[in-house]
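Below: one structure, written as structure tokens.
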Amino acid sequence: MITLLNAAPDTGNQGVSALCHSVVAGLVERGASRMTVADHGRGLRQANWGYTKVELVGLTHNRRFWRGDNLRTAHAMMRIGGAASPPARAILRSDAVLDISGGDSFTDIYGRKRFEAMAMTKRMALDARVPLILLPQKLGPFSDKGMAAEAVDILRRASAIWVRDAQSHAFLAEKLGRDFDPQRHRLGVDVAVALSQAEPTSLDINLRSWLVADRAFPLAGLNVSGLLCNDEAASRQTFGLAASHQDQIEAVARGLLESDQRLRLLLVPHVHKNEDEPESDVAAARVLLRRLGALAEGRVRIVEGQPSAMELKWILARLDWFAGARMHATIGAFSSGVPTLGLGYTDKAQGVFDECDIGKDVADLRKLDARALADRAVASFSAREMDRAGLRSRLDGIRARAAGEMDEIARQCGI
């Protein structure tokens, strides 16, 4: 019995969903017979994901303290055997608890509430005396000394820790000191490089015509991040971008479209939220489409609907080039052999690309203004065939490393 935390498949963020499905599919392939995944639903439910059946259990950080799926209530219920709390009972009966922190949320950069949720879920496993395995993720940064100390205490008590970038590995070695064990504290790659593709069940016929192999034009893809575009004042204050991201991404789109009159541009949302919510990638894409005006007519499309993470990877795999700030959108592209430019707003993209030996293909949004970023994107697009050949030569090694990593995680789980 294995329980997976902080990889909920119902957040709308297809990066988190990619992590979830990569872990579940990887462990099922290696013999896992029963897996429970924490999500934001109610109670304990069964789900058929096609490649396997899983158990879903609600676990939510909210103020509904009277409910057994409330995170604080579930934590308290563990002390009396789980009682009326399905997530507490699920953890108590687990042979191992896996926690991936949404890939990059074991930090205080996103605020105290999210850090508290990340810390409390891990403490549930530790307090239940169930082996806690942190799956490949970024650790930190931390600016608050109290939160940093709490994080280090959790890291010290975990049974095994995987990180996906050298900076996190160095942080782990420094903070654990003599407790650092190279056999338990490992540097790996993001699990989503192994995510499978799935052909979309419904796709606009005109968009499908763009994705055929024998099209008569180059097709570039671009993710427009709602996180960075929809509340620009907050994103610039939080991440220190060199310019308005709306200006940056418009400059990239214009630069690409003007560099090649044949080019078509596909805007690929990777976070599905209601369009009035600040993280909606679709809302951000629509703003870009309006800003491009006549230049976009007949040449720019948005991927509509809500394709799953695996369906989005199928779409990304059919592009000639891709760029974006949503990191798991870029992972979906480059792990499919598509030349990709990561748009970094923290250090996380650089770390993940470095581990895949493509660190040169990250443009730092904190250092490049709109014009400089556009120039970088156009240069990357122009060099796509050379980059494709280099990426192709690395992919077997990247995939082998991901497979070996999952083999070891399965062993740590007792599979």
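The residues of the chain are indexed from 1 along the displayed sequence. Keep in mind it's a predicted model, so treat the numbers as computed, not measured.
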Could I get the full list of salt bridge (charged side-chain N to carboxylate O under 4.0 Å, His left out) partners for [X], not counting sequence neighbours?
X	value
Asp108	none
Asp144	Arg112
Asp369	none

I need the full list of ring-ring contact (aromatic ring centres under 6.0 Å, His included) pairs touching [range], with sequence neighbours left out, sorted by first then second residue.
range	answer
residues 218-247	Phe239-Tyr345
residues 144-165	none
residues 367-415	Trp321-Phe381

Going by the rule side-chain hydrogen bond (donor to acceptor under 3.5 Å, both in side chains), which residues pair with [X] if we only count those two or more places apart in sequence or in a different chain?
X	result
Thr340	none
Asp39	Arg45
Asp127	His75
Glu250	Arg254, Arg291

- Stepwise salt bridge (Lys or Arg N to Asp or Glu O under 4.0 Å) check, Asp153 with Arg123: CA-CA 10 Å; Asp153 178 66; Arg123 289 203 179 278; 3.1 Å; yes
- Item | Worked verdict on Asn206 versus Ser209 for side-chain hydrogen bond (donor to acceptor under 3.5 Å, both in side chains) | CA-CA 5 Å; Asn206 293 316; Ser209 72; 5.1 Å; no
- Note on the structure: Note: Ala18 and Ala192 closest approach over all heavy atoms is CB-CB, 4.2 Å
Check residues 169-177 and write down every donor-acceptor pair under 3.5 Å in which the side-chain atom is one partner and the other belongs to a residue at least two apart or another chain.
unit_1, atom_1, unit_2, atom_2, d
His169, NE2, His185, O, 3.1

- So which pairs with a foot in residues 197-212 pass salt bridge (Lys or Arg N to Asp or Glu O under 4.0 Å), sequence neighbours left out? Glu199-Arg208
- Run the numbers on Lys313 and Ser335 for side-chain hydrogen bond (donor to acceptor under 3.5 Å, both in side chains), then give the verdict. CA-CA 9 Å; Lys313 188 167 183 176; Ser335 64; 3.0 Å; yes
- List the steps, then state whether ring-ring contact (aromatic ring centres under 6.0 Å, His included) holds for Phe322 with Phe334. CA-CA 8 Å; Phe322 182 73; Phe334 78 65; over 10 Å; no
- Message: Please determine whether a side-chain nitrogen of the Lys or Arg among Arg286 and Glu275 lies less than 4.0 Å from a carboxylate oxygen of the Asp or Glu.
- Response: yes
- Asp69 and Arg42 ion-paired at < 4.0 Å: yes
- Query: Can a cation-pi geometry be assigned to Arg264 and Phe217, taking NZ or CZ under 6.0 Å from the six-membered ring centre and within 45° of the ring axis?
  - Reply: yes
